[in-house]
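Report on the structure given below.
Just the heavy atoms: all of them, side chains too, but no hydrogens, waters or symmetry mates, feed the values below. Naming: A, B, ... by sequence-line order, numbering from 1 per chain.
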Amino acid sequence: MKRQLLVTAALPYANGHIHLGHLVEYLQTDIWVRFQKFRGHRAIYLCADDTHGTAIMIRARQEGRSEEALIADMREHHVRDFAGFDIEFDNYGSTNSPENRRLCGEIWASLRKAGLVVERDVVQLYDVQAGTFLADRFVKGTCPYCGLINQYGDSCDNGHTYSPADLKDPVSTLSGTTPEVRRAPHLFIELEQLHAFLADWIGADDHLQSEVANYLNGHFLGEPLKDWDVSRPAPYFGFEIPDAPGNFWYVWFDAPIGYMASLAEWCVNFGEKFDQWWPKSAADGKSDGKNNDSREIHHFIGKDIQYFHCLFWPGMLKTAGYRLPTKVHIHGFLTVDGEKMAKSKGTFVRAATYLKHLNPSYLRYYYAAKLGPRLEDLDLNLDEFVTKINSDLVGKVVNLASRTAKFVEVTGLSAKYPDDGGLFAGAAAEAEAIAAAYEACDFNQAMRRIMALADRANAYVDQNAPWQLRKDPTQASRMQDVCSVSLNLFRQLAVYLAPVLPRLAAQTGQLLGRPIAHWDEAQSPLCGTPVAKFEHMLTRVEKTQVTEMIEESKEQAPAAVATTPGMPGATPQTSAPAAENADSGAALAAEPLAAQITIDDFTKVDLRVARVVAAEDVAEAKKLLKLTLSLGGDTQRTVFAGIKEAYKPEQLVGRLVVMVANLAPRQMKFGLSEGMVVATGPGGKEVYLLTPDSGAVPGQRVL
RNA sequence: GGCGACGUAGCUCAGUUGGUUAGAGCAAUGGCUUCAUAAGCCAUGUGUCGGCGGUUCGAAUCCGCCCGUCGCUACCA
């Protein structure tokens, strides 16, 4: 049966550049779609830039240009990066499009009609000077419960949560002014009304990987679903809600609808009908994805945005009467050499930087060789990357052509396919198993099977030694036969690898005078056709190329920090830690200066030099060390400091630190903390204690 | 602390509806070959399948507990 597949990858946010982490998803999806097309199904690969939201608005302001100019610029970068990796979208749209506005309106209307929308006031801080409401992370102030200063608008570092309106001494990080408390109506979707439906959908028909269904059941469906705040008061870069003037749809509302908008655009461009691809559900309302026709909808996303795609999105589609996704395929994050990508280590590599140093086919193959159907993180091991490309692609696959093609440049392939001991037939018989692996997104299994075939083919060449036959003119036809077998086995591999390595498929078509256009071409050998002059198809990777790429990524780090944590459309690692190794504006940009204070304000904080006289691990705590600090004489303080990941207790004993000595004591699970030590850094392993220069003694005040 | 995933050769991983001596690739070692992008072929080794206990005629595979790693979450910073 010929299937019709609508396939999407998550929409990259227009606030950051594409990097190797994103590419896991776009390549995984590209390979899958190419595979489907190659098998003769109708498939389209849709994507778009995700363009709305506060982060874009603020950044555009900072850069002194319009949001439209900003997103147009980023779009250009994204499109170029994707093309550089042979990622072939059928349509690349934007959430800031008329189609999207229209579809948002339509879906919104059905949510209204279904009685899912409720209005409720939200108390928020308003920056009069900037003329905008402040999201929690744009406000800083003092915790109303514990007096901790410099805290975000929703919760303090001591774990108290509160409304931003309760924050003491609030300051807008946008303007440095004191914001006003304003009340604004927000619109919420009562997702709980769809609870039963969602629980059913999540558990049914293989819509989700089992581990995902499991996670959602455990984390969300066990209790009532919370209302979803989908509106933002002006100003906001997005679409104004037609029946709620002055309010805009929250970016996560219009982002997934962007899939549909991209489809709509594609339909216009190619004269297709929208509802042929994204049909309305049956009249009985059973939009459960298991419709009896051959139309399928597949979303590929990262594990960070499961929540939106597996709860809100099905809920919206269901309510609007659209067909639900056939499957949401969820992948893990990328690590490099076993660790989270880090700008400081140069492992946060932009797509464009990679392309300066390395061939995109390498990454396509490497990811394919590592990707499985499950939600697992994928490790890019740089040494393995080099050996795998060289040994698999160059040593095994391409070598098959390069070691035999030139022997038959003159004669072409044998007129009749020779006896190869069943090798070609055997490899042809693998087609379905390999296809099944691709279909299941088990690319690593597909690659393993293909490489096993490559091994057999190389053994054949070795046993039949065409270079020996060549020396004996009476063996000319035998030699041609052997090379014909070898090249046909090679071509078979190129067919199987075509979804992953489209360039290799094209080159093979060139070499053997016949384009590779369909999966089934692995079923029958070429005979009696000419062979072109062999040209190198893929060069070996040198470790130095990889090293240079990493080095350049280190240098580039400061410029690449613009991404905003946790924003919509986020594919993996858009929320990677900010760079902190260079004197760029990154750290400052990540945390703008607090409002001005007077010297009196400052002297309220009594900072003192203290010596660590004892430090012990708090075994049950993940982050805490228990420090005993001496302020000189008999005065000692116990402080629990969240520096466990960064320091070992024995490293600390004896050293001087700076502590906040007049901080209100705080009862913690493990004891009373009587102050805090001063440190900087983003947290986790990257915490840096402050130390006075030598000469300072405990008890001295820091001013 | 809670939830989840994972833990198989030096490395990356495959393998579980329970069934004979546990696999692949890479790396390593020895040999062969020299057509090929210092490519290829053959041979070889290694594993208490994280640990303990249970179910079973039989467990890497099922169950329980424990340990470790990672993620989310809580507490906390």
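In this entry B:G7 has B:C67 as its Watson-Crick or G-U wobble partner, both defining distances falling under 3.5 Å. Pairing partner, B:U48: none, since no Watson-Crick or wobble contact has both distances short of 3.5 Å. Base pairing annotation: B:G1 forms a Watson-Crick or G-U wobble pair with B:U73, both donor-acceptor distances under 3.5 Å. Of the nucleotides present, B:U29 is the one that pairs with B:A43 by Watson-Crick or G-U wobble criteria, both distances under 3.5 Å. Pair assignment for B:U17 gives none, since no Watson-Crick or G-U wobble pairing has each distance under 3.5 Å. Remark: B:U56 base-pairs with no nucleotide; criterion is Watson-Crick or G-U wobble with both hydrogen-bond distances under 3.5 Å.
The C1' atoms of B:A39 and B:G23 are separated by 26 Å, rounded to the nearest whole Å. Separation of the C1' atoms belonging to B:A14 and B:U56 is 26 Å when rounded to the nearest angstrom. Of the P atoms belonging to B:U16 and B:U55, the separation is 26 Å, rounded to the nearest Å. Rounded to whole Å, the P atom of B:U12 lies 35 Å from the corresponding atom of B:G58. For B:G19 and B:C3, the P atoms lie 30 Å apart once the distance is rounded to whole Å. For the C1' atoms, the distance from B:G47 to B:U21 is 14 Å, rounded to whole Å. Taking the P atoms as reference points, B:A27 lies 42 Å from B:C66, given to the whole Å.
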Please produce a list of atom pairs where a protein N or O lies less than 3.5 Å from an N or O of nucleotides 43-45 of chain B.
none

Protein and nucleotides 6-14 of chain B: nitrogen or oxygen contacts under 3.5 angstrom:
residue, atom, partner, partner atom, Å
B:C6, OP1, A:Arg374, NH1, 3.0
B:U12, O3', A:Lys370, NZ, 3.2
B:U12, O2', A:Lys370, NZ, 2.7
B:U12, O2', A:Glu384, OE2, 3.2
B:A14, O2', A:Arg448, NH1, 3.3

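With rounding to whole Å, A:Tyr307 atom OH is found 12 Å from B:U73 atom P. Distance A:Asp392 CG to B:A24 P: 15 Å, rounded to the nearest Å. Atom P of nucleotide B:C26 and atom OH of A:Tyr365 are separated by 10 Å, given to the nearest angstrom. In this structure, the CD atom of A:Gln306 is 10 Å from the C1' atom of B:C72, given to the nearest Å.
Classified by interplanar angle (parallel below 30°, tilted 30° to 60°, perpendicular above 60°), the ring pair A:His309/A:Trp252 is perpendicular. A perpendicular orientation is assigned to the rings of A:Tyr307 and A:Phe312, their planes being inclined by more than 60° (bins at 30° and 60°).
Residues passing the salt bridge (Lys or Arg N to Asp or Glu O under 4.0 Å) test with A:Arg470: none are found, sequence neighbours excluded. With sequence neighbours excluded, no residue forms a salt bridge (Lys or Arg N to Asp or Glu O under 4.0 Å) with A:Glu192. With sequence neighbours excluded, no residue satisfies side-chain hydrogen bond (donor to acceptor under 3.5 Å, both in side chains) with A:Glu542.
Taking the six-membered ring for Trp and the full ring otherwise, the centers of A:His19 and A:Phe348 sit less than 6.0 Å from each other. The ring of A:Trp32 has its center closer than 6.0 angstrom to the ring center of A:Phe300.
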| request: Could you encode protein contacts along nucleotides 28-40 of chain B as a string, one character per nucleotide from 5' to 3', using B for base contact, S for sugar-phosphate-only contact and - for no contact, with a heavy-atom cut-off of under 4.0 Å? | output: -----SSBBB-SB
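Checking A:Thr539 against A:Tyr362 by side-chain atom types alone, a donor-acceptor pair falls below 3.5 Å.
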| Between A:Tyr365 and A:Asp392, is a side-chain hydrogen bond (donor to acceptor under 3.5 Å, both in side chains) present by the stated rule, with each step listed? | CA-CA 9 Å; A:Tyr365 177 72; A:Asp392 287 3; 2.7 Å; yes
| field | Verdict with supporting geometry, A:Gln445 and A:Arg449, side-chain hydrogen bond (donor to acceptor under 3.5 Å, both in side chains) | value | CA-CA 6 Å; A:Gln445 188 180 134; A:Arg449 285 177 180 273; 3.2 Å; yes
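Few gaps surround NZ on A:Lys543; more than 12 heavy atoms of other groups in view lie less than 6.0 Å from it.
Considering OG1 of A:Thr347 and CG of A:Leu20, their distance stands at 9.0 Å, rounded to 0.5 Å.
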